[in-house]
Amino acid sequence: MQKKDHYVIIGNGPAGNRASEIFRENDKNARVTIISDEGFPFYYRHKLLDFLSGSISDESLQVKKHLDYKKNNIRLRLGQTVTKIDPANRVLFLKHMEKIEYTSLILATGGTRSILPSLAGFEKYFSFMTNYNEALALKPALSGIKKAIVIGGDLISIKFIKMLINMGKDVSFFLCKEGFWPIELTEKMSENIASRMKKEEIKTILDDYPVNIFQTNAGYEIITENGEKIKGDIIFYFMGLKPDIDFIKGSGIDTAEGVLVDEYLKTNYKNIYACGDCAQIYNPEFKDYWISTGWDNATLQGETAALNLLGEHKIIKPVPHKIFEVEGIKVNTSWWKEIQE
Amino acid sequence: MAETDIVIEICGSSGEGTISAGEILARHMSRLGFEILSFDSYPSEIRGFGKCVAHCRISSKKIMSPGKYTDILIALNDIHSISQLSSMKENGIIIYDSNPLSFHEEDKSIAGWIEPGITAYGIPFYKLSQKAAGNSRNRNIVALGAFAALFGINDNGFKASMEQRYASKKKSIIESNLNSFTEGFRWTKNNITKLDNLFFKKPETGNAPLKRLMMNGNQAVAMGALDSNLHLYAGYPITPATKIMEILARELPKKGGIMIQTEDELSAIGHVIGAGFAGKRAMTATSGPGFSLMTELSGLSVMAEVPAVIVNSQRGGPSTGLPTKTEQSDLNLALAGGSGDSRRIILAPADVEECYKCACLAFYLAEKFQTLVVILLDFFLSNSIKNIKEPEKPDKKMLNANLAPLQDEIKDYKRFKVTLNGISPRSIPGTAGGMFIATGLEHNEKGKPCYAAETHKKMSDKRYRKLSGVLKEVPHPEWIGPKKNIKAGILTWGSTAGAAHEATLKAGESGIRAAFMRPMLISPLPVEQIKKFSDQCDVLLVPELNYEGQFAGYIAKYLERPIKRLNMVTGLPMSAEDILDEICKIAG
């Protein structure tokens, strides 16, 4: 008996989920599997702060319930990590020592936290807010925090700081313009942000930088380049996301910052496509690669990648450079525009 | 303080130490003061790759049934454990080997089947066992170390329990096991972040350590037999009764008794009846296929009025059937197996404590009523381990129940004298003047064969009449729940009783008028009490582990009313949840 096609999608975000829907709609008999290293079902990442503050429940955070996948005969493997891909033999190796064979593969792994090399040695002291598990772990600790240090930034960090201030916390904010995401800040932009933060009575540190961090009995102490000592109960670190592709490197699939794909989202293997925040897409016009961010872009790319794998020839066009949407965060967009002005 | 009530399953392949890990765990949790009910299932083949499951319910309150849904699954073998996932609670916990020797093929890894709501902890059992013991044999003990670390169980106490368990082993084996436990415990402490909220809350046992005996139904029967002055055990090995024989082979000679492994079951019952005739307490234990063979000679015990005790631990049938699966399908055979009107006494214990009681009672009843007593265990009861309080030993009356002939009766001795209560004075061979003819043929009062219609009628009356006295000797069935206006009345027997009792209590908590009754004495049946109970029930539900509803059929002739049957032949004990579902349907 001929084996059924097995479409495997690594990543349970908007790109991966849209791709799975396209596969199921177009091929009723195939096996469709989504693998995600997160244990929580598909959720609105941009609502994590609302979840953390308690304004929404984890129920409201979910886009799709586990049962929805079962109804569609999509196998959802949550909390499972792919550690290696063997594209030649079309096999995935999972961390829990299971092999999975696929006929077609979509890489939709999204982004993972990005750490500046100069601060990488202090990672163990940082608290992050890039996924559900991190938000869940932070939730009980949040009420006990009096003084927080935020090293940032990205657009989420700015919203996060506002949330801390509203909760009555004392916040010190390191604005790291060189690590800002998704674009590099100009001098003027940085000043605009700093001035806006100061208006909100947030201690914003613009021209100084952490060089050493200690854990103390009371929390943490940061020593800056200028010799300042800044103390806090907790250090939050927000420096945007980078494509989550470490496990793909060395597999034979071409990568740079992200997974390199053509304008059809195809990698250098004909049965492997990449989409969403992990993909670095070729722009034939500029003869260069670009990375897009945002929920809607990811959804469109998931759809395109799946359709192309099924035989269509749809092209993804580069997103205009000035439209920024980070994980669907709308709230900061106006702010952002204001800063740009 | 919230009560602890947790079901743990350890699942592995034959030879992986699944059952022994379950035993160690159960014993230690018992030492900590918890109530324990554990039950193992394993393949009938002695060695191979079959599935073994050590199932253990640990509670701070009284346990009546093993519990249907699992809170914690320790997966020593992925493929077998995957088949246990359907009985996991939605928020259950899985502990699995995160670093086996080689990659699993697709869908053969339990970690690949973990659904949202389940918390999974991957522990490198194989690697840690290699490190601690130099081989992979101690993966089960590594898993126990991980279990202790995850659920806040003191490691030193656990290790002390293990040392006790392995006391008879070589020092190197003890050390290897202790090291393996420590590796599992330490690795888990250092590497695993606890994501669930489950802890074992130590029960209040005061300062004195809890004195409990850990035993299964077979051990309890053997202990009861030993305490009842058993003199001869004759048997042929058969699952699930063999353990009784093994214990008695070791213990009976110490008390001056004899254990004989006979060539078959026919010979075994022959030995028992022979010893009974000689005035010695004797017993055999078997299962369905062996019990079938014994039916011919068991009639001799009835006809010749010789005390004999048969323990029948039921397993799935017919024929050799399902040797390691539980069932209650030998009731018809126990009630009516054999030729003629050979009514006998049947006792059906519900739990381990009652296995002891029934063993003691069986010898007393067999001796007093000079007949055959059958104790109906089943695979589940034989193998379920409970920590029980030390049972009360039989008193003098229980140990010496023979009605010896008086001096003036010896002069013209009538061994089968027709008396008011049907019990005739019995002389033991060697009693001066107490000689008589003992035969399987119908006989007159002196024992001489006689086929006259009048004699047969008179003797049949006598043999049946004496059994009515049994009803006064066995405690009346307990009536649990409301005494009137019962929506659902549950009437069951044997090991299904615990689940039925628990289901009834749960139904009561939900406002359903449900009541429960279970006779320990199956034959003669305490009809009066059962009728009273039945009269108060709108619906009478009879749950039991057989296909056609043998007990329901048996009581129907006495009750003359519709009976709702709940029959299961899954090879597993019935759960409180199964019965509760049925009660809820009845209650609407």
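None of the values given here were measured: they were computed from a predicted structure. Lettering follows sequence order; numbering is per chain, from 1.
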- Query: Does the pair A:Met239 and A:Ile115 meet the rule for a side chain to side chain contact (heavy atoms under 4.5 Å, CB included), with working shown?
  - Reply: CA-CA 7 Å; A:Met239 209 67 78; A:Ile115 311 262; over 6 Å; no
- Query: Do A:Ile85 and A:Val91 pass the side chain to side chain contact (heavy atoms under 4.5 Å, CB included) test, and can you show the C-alpha distance, the side-chain angles, and the key distance before you say yes or no?
  - Reply: CA-CA 6 Å; A:Ile85 303 173; A:Val91 176; over 6 Å; no
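A parallel orientation is assigned to the rings of A:Phe126 and A:Tyr237, their planes being inclined by less than 30° (bins at 30° and 60°). Below 30°, between 30° and 60°, or above 60°: for A:Phe160 and A:Phe238 the angle between ring planes is between 30° and 60°, a tilted geometry.
Residue contact with chain B, scored on non-hydrogen atoms closer than 4.5 Å, involves the backbone and the side chain of A:Phe93 alike. Contact of A:Leu94 with chain B is made through the backbone alone, with heavy-atom distances under 4.5 Å.
For A:Ser53, the side-chain hydrogen bond (donor to acceptor under 3.5 Å, both in side chains) partners two or more places apart in sequence, or in a different chain, are A:Ser55. Looking at residues two or more places apart in sequence or on another chain, you find a side chain to side chain contact (heavy atoms under 4.5 Å, CB included) between B:Ala507 and B:Ile512, B:Ala514, B:Leu580, B:Ile583. With sequence neighbours excluded, the residues forming a side chain to side chain contact (heavy atoms under 4.5 Å, CB included) with B:Ala148 are B:Ile153, B:Phe158, B:Phe181, B:Phe185, listed by chain and number.
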Geometric donor-acceptor pairs, no angle filter, chain A-chain B, under 3.5 Å:
| unit_1 | atom_1 | unit_2 | atom_2 | d |
| --- | --- | --- | --- | --- |
| A:Arg31 | NH2 | B:Glu106 | OE2 | 2.3 |
| A:Lys70 | NZ | B:Glu115 | OE1 | 2.9 |
| A:Lys70 | NZ | B:Glu115 | OE2 | 3.1 |
| A:Arg75 | NH1 | B:Asp107 | OD1 | 2.7 |
| A:Arg75 | NH2 | B:Gly112 | O | 2.5 |
| A:Arg77 | NH2 | B:Asp107 | OD1 | 3.0 |
| A:Gln80 | NE2 | B:Ala111 | O | 3.2 |
| A:Gln80 | NE2 | B:Gly112 | O | 3.2 |
| A:Met97 | O | B:His104 | N | 2.6 |
| A:Glu98 | OE2 | B:Asp107 | N | 2.6 |
| A:Lys99 | N | B:His104 | O | 2.8 |
| A:Lys99 | O | B:Glu106 | N | 3.1 |
| A:Lys99 | NZ | B:Glu105 | OE2 | 3.2 |
| A:Glu101 | N | B:Glu106 | OE1 | 3.4 |

